[in-house]
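Let me begin by presenting the structure, written as structure tokens, before commenting on it.
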Amino acid sequence: MIDVALLAGRLLFVVLLFLFLFAIMKTGVGLVSGQRKSQRSWTLSVEKGPKELRGVSIAVRGPVIVGRSPNADIVIAAGYVSARHAKFTLMGQNLFIEDLGSTNGTAVNGKNISAPCALRSGDLVSVGDVSIRVRQQA
């Protein structure tokens, strides 16, 4: 009788363990595959600047670095741009811009920023004479 009870207990434990792992996997798959469908996505579009950059559009899925360095996500090959000039960062469904200690600064809608700044859809970020439009899409 005790053997049957132990076997039933073990089977119940295994079933509960599989249900728990399934619930974790179901949640984790949405996080691993990127943004959930209910979240809005952000895009960065270069509106003004060098001819080779105009019209470039980037979907923001993680940090986006703007700078002169070839390792930057948006490379601006100009002397007025620092190697790592500014960084766009996603925090939840919000997008922030941060100046990375550049010499000439970063502006949002014409105002220089000194700390991380939350962006709204339609904002214009300026790095020297390069203008990047920020858009949030449903």
Side-chain angles (χ1 to χ4, degrees):
M1 183 67 181
I2 292 180
D3 292 336
V4 174
L6 286 175
L7 179 63
R10 287 180 184 166
L11 289 175
L12 180 64
F13 177 73
V14 169
V15 168
L16 291 174
L17 183 62
F18 276 113
L19 289 174
F20 176 72
L21 292 175
F22 177 74
I24 289 175
M25 290 298 295
K26 185 177 173 187
T27 304
V29 167
L31 297 174
V32 171
S33 67
Q35 299 173 339
R36 292 184 179 269
K37 292 179 183 173
S38 64
Q39 287 185 336
R40 297 180 176 187
S41 61
W42 290 89
T43 58
L44 307 175
S45 302
V46 179
E47 290 189 348
K48 180 183 163 202
K51 188 171 27 174
E52 60 272 6
L53 278 179
R54 269 183 264 142
V56 170
S57 185
I58 294 177
V60 180
R61 290 188 171 82
V64 175
I65 303 291
V66 177
R68 192 177 62 236
S69 168
N71 295 332
D73 299 303
I74 299 176
V75 178
I76 304 171
Y80 57 82
V81 177
S82 299
R84 290 175 46 91
H85 195 96
K87 177 171 70 168
F88 291 92
T89 307
L90 275 175
M91 290 186 187
Q93 291 190 16
N94 299 314
L95 183 66
F96 289 82
I97 181 74
E98 174 183 5
D99 186 81
L100 298 176
S102 66
T103 304
N104 296 317
T106 303
V108 176
N109 298 324
K111 297 179 182 176
N112 283 339
I113 60 169
S114 58
C117 176
L119 296 170
R120 294 182 309 233
S121 188
D123 281 350
L124 191 65
V125 176
S126 301
V127 175
D129 64 353
V130 175
S131 298
I132 302 169
R133 179 77 59 187
V134 176
R135 289 192 177 87
Q136 186 178 32
Q137 300 166 340

Minimum heavy-atom separation for [X] to [Y], with atom names?
X	Y	value
Q93	W42	O-NE1, 3.0 Å
C117	I113	CB-CG2, 4.1 Å
K87	P63	CD-CB, 4.2 Å
L90	G62	CD1-N, 4.3 Å
L100	R84	CB-O, 3.3 Å

Residue list, side chain to side chain contact (heavy atoms under 4.5 Å, CB included) with F96, at least two apart or on another chain: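 F96 satisfies side chain to side chain contact (heavy atoms under 4.5 Å, CB included) with M91, N94, A118 only.
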Partners meeting side chain to side chain contact (heavy atoms under 4.5 Å, CB included) with N109 (sequence neighbours left out):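 For N109 the side chain to side chain contact (heavy atoms under 4.5 Å, CB included) partners, ignoring immediate neighbours, are D123, L124.
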Side chains of H85 and D99 in contact at under 4.5 Å (non-hydrogen atoms):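 When only atoms from C-beta onward are counted, D99 and H85 do touch, with a gap below 4.5 Å.
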Side-chain touch T43/Q137, heavy atoms, less than 4.5 angstrom: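 Yes - at least one pair of side-chain heavy atoms lies under 4.5 Å apart.
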Set of residues satisfying side-chain hydrogen bond (donor to acceptor under 3.5 Å, both in side chains) with respect to S126, sequence neighbours excluded: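 Checked S126 against side-chain hydrogen bond (donor to acceptor under 3.5 Å, both in side chains); zero matches.
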Connected via hydrophobic side-chain network under 4.5 Å: V108 and L95: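 Yes; L95 is reachable from V108 via cluster members.
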Single-linkage hydrophobic cluster I58~I132, side-chain heavy atoms < 4.5 angstrom: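 In one cluster: yes.
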Among V130, V66, L119, the one residue meeting side chain to side chain contact (heavy atoms under 4.5 Å, CB included) with V125: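 It is L119, the one option of V130, V66, L119 that forms the side chain to side chain contact (heavy atoms under 4.5 Å, CB included) with V125.
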Results of salt bridge (charged side-chain N to carboxylate O under 4.0 Å, His left out) for R54 - residues two or more places apart only: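 Scan of R54 (salt bridge (charged side-chain N to carboxylate O under 4.0 Å, His left out), adjacent residues dropped) gives none.
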Spacing of CG belonging to L7 relative to CD1 belonging to I2, to within rounding of 0.5 Å: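 Those atoms lie 13.5 Å apart.
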Keeping the roles fixed (side chain from [X], backbone from [Y]), state whether a donor-acceptor pair exists under 3.5 Å.
X	Y	result
N104	Y80	yes
S121	Q136	yes
R133	V46	no

Could you list the donor-acceptor pairs under 3.5 angstrom formed between side-chain atoms of residues 67-74 and any protein atom two or more places apart in sequence or on another chain?
| from | atom 1 | to | atom 2 | distance (Å) |
| --- | --- | --- | --- | --- |
| R68 | NH1 | V81 | O | 2.5 |
| S69 | OG | N71 | N | 3.1 |
| D73 | OD2 | I65 | N | 2.8 |

Other ILVMFWY residues reachable from V14 by side-chain steps of under 4.5 Å: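 For the cluster that includes V14, the remaining residues are F18.
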